[in-house]
Amino acid sequence: MILIDTHTHLFLEQFDDDRNKVVEDSIKNGVKKLFIPNIDSSTTEKVVKMGKDYPGICYPIIGLHPTSVKGNYREELEHVEQWLSKEKFYGIGETGIDLYWDKTFKKEQEEAFRYQINLAKRLGLPLIIHSRESFDEIFSVVDELNDEKLKGVFHSFTGTIEQAKKILSYKGFKIGIGGIVTFKNSGLANVVAKIDVGHLVLETDSPYLAPTPMRGRRNESSYLKLIAQKLADVYCVDIETVANITSQNAKKLFAIA
Ligand code: NI
């Protein structure tokens, strides 16, 4: 069985003391490939280093996270383009719009999101979309720019069935499911039950959002197994079926063997 964590921030300082062990535990638990989305220019070198330290296991992704969009966002986007010209990346992100933490730079967030969509289309790379209290804003930008070249993931999905259907109407997109699906009161399992597993990829978003029964602790990629098991229960299939389908989805989306 092979599981793929399509979203982990393994470069963050929460893993500085035991990063090697986290990767080893992940592999031992069948989670054999990890995609590593960037935050901003302060983390790019760490993301690149992950790909070099763990070739064939860690896959770097570069972009500007919406909560890092400030007055200097144009320089940040230039930084992204410069790195894209000298290193191999497997996606653009994470990007999107976050209106939960701060609305000060709403316009700039939309601008940076637009820019990264166009970049992803130009380079043929998948886009990692972060949406927090911002589905309407995200949908209106994607409605405008979607075409047959655009593909990606709506990461850490927590929306309604209507929002899931809207995402799938874009054709090139998968829905990223993480630890929240295991939280009793989230209601997400009921929504996911109505979506075909063929539209899903799995993610931890570690170190955040550890699944039950690890909830509240530092999350790590090995816990992806708990998320896969929850989906197996939701769909009444075995965990191998969930692993096979979601890993195929991830490999195809990120164009890896
Ligand atoms: Ni993230």
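Ligands are counted one by one from 1 in listed order, and the atoms in each one are counted from 1 as well.
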Verify the neighbour count for atom CD of E144: are there more than 12 heavy atoms of other residues, nucleotides or ligands below 6.0 Å? yes

Does a sphere of radius 6.0 Å around CD in E81 hold more than 12 heavy atoms from other residues, nucleotides or ligands, not counting ones at 6.0 Å or beyond? yes

Is the shortest distance from a Lys or Arg side-chain nitrogen in K171 or D147 to a carboxylate oxygen in the other one below 4.0 Å? no

Salt-bridge present (R74, E76; N to O < 4.0 Å): no

Residue set satisfying salt bridge (charged side-chain N to carboxylate O under 4.0 Å, His left out) with D136, at least two apart, ordered chain then number -> none

Would you say the ring centers of F254 and Y90 fall short of 6.0 Å from each other? no

Note, the Ni ion (ligand 1) has protein N, O or S atoms under 2.8 Å numbering 4

